[in-house]
Amino acid sequence: KNLAVTDLGSPFLDLRTGTPLLVIPFIYRNDAGAQDYGAEAALDFDFSKRWKLRGTYSWLKMNVHPYPMAPPNLGNLPAGFAGLLNNIFSGPSAAVLAQIANFNPSAATAEGGAPENQAGLRSYFNLTQNIMFDNSVYYVGGLRGRNIPAYVRLDSRLAWKINRKLEASLVGQNLLSPHHLEFGNVDQVVGTQVPRSILGRVIWSF
């Protein structure tokens with residue numbers, strides 16, 4: 001109950017600076033509700049002292065109540081400016097205004113902002129007493145509210161335990177593709193693609 005959501009207020013022109021400034025207010029209110037439920041499962045299996053597997057799975061179902069939202073009201077603008085705005089905001093700008101008018105983060109955006117299904121499988125394998133070769137593969141479902149497709153990720157690590165205090169390793173992340181999106185643009189946050197990466201690491205414990 002009382003979840004924070006964003007309502008779109010009526011746009012207006014601010015003339016205090018001398019240059020007309022179109023203000024489109026977004027109002028944060030605690031007027032939404034939701035029922036979310038899901039399940040998780042994990043299984044560990046030891047093939048031997050040298051090889052272990054761990055599998056995980058999670059399922060999430062989100063139900064966010066839609067809430068009333070006030071569309072832009074050009075009637076609140078000073079006389080004569082409504083027609084001026086219609087002339088100025090044409091073409092791509094008009095499409096942007098239409099997108100703002102249909103802004104509703106509570107339903108499709110919120111419900112589709114988290115993956116419904118996720119699964120992972122990790123393999124821990126000791127080639128020798130001091131050399132480890134570990135691999136992890138993950139499946140992450142798509143984000144419907146962000147237009148982000150599902151993806152599969154593979155990480156690998158080859159480590160050498162030099163002694164009790166020193167360990168060196170070679171790590172590869174996101175090895176199956178050059179890059180992929182994990183999150184989209186929302187609330188002034190720009191989604192960036194996660195690249196494939198390979199790095200070396202030295203750990204000294206003391």
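Fair warning: this is a prediction, and the values are worked out from it, not measured in the lab.
- Cluster note: W59 groups with Y37, Y57 through ILVMFWY side-chain heavy atoms spaced under 4.5 Å, whether in direct contact or through intervening members.
- Residue P115 comes nearest to G141 through the heavy atom pair CB-O, 3.4 Å, listed as atom of the first residue, atom of the second, then distance.
- Heavy atoms from other residues, nucleotides or ligands lying under 6.0 Å from NZ of K52 number 12 at most.
- Interatomic distance, E116 CD to L143 CG, rounded to the nearest 0.5 Å: 11.5 Å.
- Across all their heavy atoms, L166 and N163 have their closest contact at N-OD1, 2.8 Å.
- Partners of F45 under the side-chain contact (heavy atoms from CB on, under 4.5 Å) rule, at least two apart in sequence or in another chain, are F47.
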Side chains of residues 123-130: which donor-acceptor pairs under 3.5 Å do they make with residues two or more places apart or in other chains?
| residue | atom | partner | partner atom | Å |
| --- | --- | --- | --- | --- |
| S123 | OG | W51 | NE1 | 2.9 |
| T128 | OG1 | N130 | N | 3.3 |
| T128 | OG1 | I131 | N | 3.1 |

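- Taking R164 as the reference, nothing meets the side chain to side chain donor-acceptor pair (under 3.5 Å) condition, with sequence neighbours excluded.
- Taking all atoms of both residues into account, the shortest heavy-atom contact from A168 to I162 is CB-CD1, 4.3 Å.
- The structure places CE of M132 at 9.0 Å from CG of L158, a figure rounded to the nearest 0.5 Å.
- Side-chain heavy atoms closer than 4.5 Å link hydrophobic residues (I, L, V, M, F, W, Y) into clusters, and following such links, possibly through other members, connects L181 to F183.
- A ring-ring contact (aromatic ring centres under 6.0 Å, His included) check over residues 146-165, counting only residues at least two apart or in different chains, returns the pairs Y151-H180.
- Judged as a side-chain contact (heavy atoms from CB on, under 4.5 Å), and not counting sequence neighbours, the contacts of D36 are A34, M62.
- Contacts of S58 classified as side chain to side chain donor-acceptor pair (under 3.5 Å), with partners at least two apart in sequence or in another chain: none.
- Evaluation of the side chain to side chain donor-acceptor pair (under 3.5 Å) rule for Y138 yields R122 as partners, not counting sequence neighbours.
- Under a 4.5 Å side-chain heavy-atom cut-off, the cluster of Ile, Leu, Val, Met, Phe, Trp and Tyr residues that includes L3 has no other member.
- With sequence neighbours left out, N30 forms a side-chain contact (heavy atoms from CB on, under 4.5 Å) with N2, A4.
- Salt-bridge formation is not detected for the pair D155/R157: no Lys NZ or Arg NE/NH1/NH2 atom is positioned less than 4.0 Å from an Asp or Glu carboxylate oxygen.
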List the atom pairs, donor and acceptor, that lie under 3.5 Å between side-chain atoms in residues 193-206 and the rest of the protein, sequence neighbours left out.
| residue | atom | partner | partner atom | Å |
| --- | --- | --- | --- | --- |
| Q193 | OE1 | H179 | ND1 | 2.5 |
| R196 | NE | L175 | O | 3.4 |
| R196 | NH2 | L175 | O | 3.4 |
| S197 | OG | Q173 | OE1 | 3.4 |

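- Partners of N147 according to the side-chain contact (heavy atoms from CB on, under 4.5 Å) rule, which considers only residues two or more places apart in sequence or in another chain, do not exist here.
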